[in-house]
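Comments concern the structure below.
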2 protein chains.
Amino acid sequence: MLAPSLRARVRAGMIEEIKAVARRHLATDGANLSLRAVARDMGMVSSAIYRYFPSRDDLLTALILEAYNALGDAVEAADAGVDQADLRGRWHAACRAARTWALAHPAEYALLYGSPVPGYAAPDDTVAPAQRPPETLVGILRDGVAAGRIDPPGEDLPEPLRSDVAELAALLAVDLPPALLARGMAGWTQLFGLISFELFGRINRTLPHRDEYFDHQTGLMADLIGLPAT
Amino acid sequence: MLAPSLRARVRAGMIEEIKAVARRHLATDGANLSLRAVARDMGMVSSAIYRYFPSRDDLLTALILEAYNALGDAVEAADAGVDQADLRGRWHAACRAARTWALAHPAEYALLYGSPVPGYAAPDDTVAPAQRPPETLVGILRDGVAAGRIDPPGEDLPEPLRSDVAELAALLAVDLPPALLARGMAGWTQLFGLISFELFGRINRTLPHRDEYFDHQTGLMADLIGLPAT
DNA sequence: CTTCGTCAAGAGCAGTGCTCTCGGTTTTGA
DNA sequence: TCAAAACCGAGAGCACTGCTCTTGACGAAG
């Protein structure tokens with residue numbers, strides 16, 4: 001059975017079409033995705049959807065997984081598109097890519113980083129794709145340290161915390177001074193906060209030049225981390 | 001009519017009780033608050049709730065408003081509890097108060113800072129209470145500049161951005177160098193990101209000492225802002 | 001060619017927000 | 001004081017949701 005049967009092929013096509021329609025509904029109606037509405041849009045009856053997704057949460061999970069990977073692709077591609085030695089340029093590119101993707105897919109971003117759906121618990125399949133953006137940022141730090149172009153922070157972390165962050169560095173398989181990794185995490189936290197504030201509408205009115213604001217804020221974190229210009 | 005009528009008093013009591021029960025449901029069931037469920041809990045029929053709140057969104061708005069003010073109270077009280085000259089102590093106290101409140105009221109925090117409910121638009125009554133925490137943080141900067149204890153950042157902001165932030169400073173009625181206010185906003189953004197990451201469960205597993213991590217991260221932002229110790 | 005697995009459809013259940021009507025009570029004003 | 005007005009809770013009902021189960025039809029495999 002190297003060649004998938006006809007039935008398997010149309011089944012795969014149906015799954016893709018359901019996800020596409022659901023993604024469209026997500027973009028317009030927000031997070032409250034209605035299975036019945038998706039079924040209506042496909043000229044089907046709601047119960048037919050259950051042949052392809054055992055529950056609404058499973059459909060949501062599939063969309064979440066795709067969204068995580070789309071965001072990860074965007075961030076990694078942006079990072080890879082800059083000269084590897086240009087640490088600061090890579091940082092800005094990765095941050096901008098995350099923001100651009102979020103602005104283009106606000107509902108999916110809200111699905112990933114908004115308040116968790118009450119009954120919903122993200123399965124373990126999602127944790128690896130979810131870590132791709134922060135891993136990209138940490139990779140910039142790793143390259144910078146390896147090239148000797150980042151001066152680690154002067155003082156080390158106080159002890160209960162130092163072990164935690166060191167363990168996290170081991171878990172990420174990067175050899176970074178804990179104090180530096182902590183600053184990188186501050187940058188990642190800041191990036192998430194920036195995008196969320198902009199997307200969830202708490203900053204728009206007073207700041208017309210949002211691109212410049214974003215770049216400046218991420219630049220501040222690059223300063224904090226110690227990323228050298230060019 | 002100085003003394004409110006009996007009817008008005010029981011009405012006010014009913015409104016309070018409905019909000020209390022709704023808050024309880026919010027804490028257990030998450031954001032999907034069911035009017036019928038709170039009505040059941042009160043031994044009433046669902047339509048009776050509509051005598052007190054014209055819609056579910058209005059009930060949510062009332063809860064949101066109370067939550068904003070509770071958070072604002074907590075942050076302002078923490079800030080006021082520290083010697084006014086101890087800028088860094090005030091910063092840490094305000095940040096910790098926000099985190100403590102959020103950890104104690106996760107569902108309400110999610111209501112305030114999570115993904116916006118699709119059909120829901122926050123009325124204008126909520127913007128003033130929503131600004132209380134960031135205003136408290138900015139107040140620390142204002143006091144520091146007034147006392148000459150904060151050195152403003154060396155370089156100024158590039159121009160399209162400088163005007164925006166200067167306008168924001170005027171709107172907040174604080175006389176701060178734009179570059180400094182921008183760093184303060186970075187701190188506020190970071191604070192929100194920190195709390196959200198911790199609350200929405202993206203950081204817990206790998207960092208057992210969360211209090212220390214939080215203090216360190218907010219300390220990093222205090223460094224960036226230039227808050228002097230003691 | 002027949003059997004088996006898969007499929008869409010429909011009915012139905014429990015739950016939701018919300019509207020409307022119907023009696024009963026309280027407050028108000030003449 | 002007493003009728004009119006305002007208010008209140010209960011109930012029925014509408015349109016919607018996620019989800020389950022059964023039924024009948026169709027295509028693929030033996």
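These numbers come from a predicted model, not from an experiment. Below, read A as the first sequence line, B as the second, and so on, with proteins coming before strands; counting in each chain starts at 1.
Between the P atom of D/dC16 and the NE2 atom of A/H25 lies a distance of 13 Å, rounded to the nearest Å. Here D/dC19 presents its C1' atom at 18 Å from OH of A/Y52, a figure rounded to the nearest Å. Between the P atom of C/dC7 and the CE atom of A/M42 lies a distance of 13 Å, rounded to the nearest Å. Distance CG (A/L59) to P (D/dT17): 14 Å, rounded to an integer number of Å. Rounding to whole angstrom units, CD1 of residue B/I49 and P of D/dG9 are separated by 9 Å. Rounded to an integer number of Å, the gap from CZ of B/F53 to C1' of C/dG17 is 16 Å. Regarding A/M14, its CE atom lies at a distance of 9 Å from the C1' atom of C/dC7, rounded to whole Å. A straight line from CZ of B/R36 to C1' of D/dC14 spans 11 Å, rounded to a whole angstrom.
Comparing D/dA10, C/dC18, C/dA9 against the side chain of B/R51 picks out D/dA10 as the nearest. Checking D/dA10, C/dG17, D/dC19 against the side-chain heavy atoms of A/R56 singles out D/dC19 as nearest. Distances were taken from every side-chain heavy atom of B/V45 (C-beta onward) to each of C/dA9, C/dT16, D/dA10; the shortest belongs to D/dA10. Distance from the side chain of A/S46 is smallest for D/dC19 among the nucleotides C/dC20, C/dC7, D/dC19. When each of D/dA10, D/dG18, C/dT16 is scored by its nearest atom to the side-chain atoms of B/A37, the top-ranked nucleotide is C/dT16. Considering only the side chain of A/S34, D/dG18 comes nearest among D/dG18, C/dA8, C/dC18. For B/S47, the listed nucleotide lying nearest its side chain is D/dG11; candidates were D/dT17, D/dG11, D/dC8. Counting only heavy atoms from C-beta on, A/R40 has its side chain closest to D/dT17 among C/dA8, D/dT17, C/dG17.
Under 3.5 Å, the side chains of B/Y109 and B/S196 contain a donor-acceptor pair of N or O atoms.
Considering A/L191, A/I195, A/D215 as possible partners of A/C95, the one that fulfils the side-chain contact (heavy atoms from CB on, under 4.5 Å) test is A/L191.
Using a 4.0 Å cut-off, no side-chain N or O of A/Y50 falls inside it from OP1 or OP2 of C/dA8. At the phosphate of C/dC7, OP1 or OP2 sits under 4.0 Å from a side-chain N or O atom of A/R11.
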For this session: Apply side chain to side chain donor-acceptor pair (under 3.5 Å) to the pair A/D58 and A/S55, showing each step before the final yes or no.
Result: CA-CA 5 Å; A/D58 289 84; A/S55 82; 2.7 Å; yes
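Contact detail for B/N69 and B/P129: the closest heavy-atom pair is OD1-CB, 3.5 Å.
Among the atoms of the strands shown, only primed sugar atoms or phosphate atoms (P, OP1, OP2) are found under 4.0 Å from some heavy atom of B/L33.
A heavy-atom distance below 4.5 Å is not found between the side chains of A/Y213 and A/E198.
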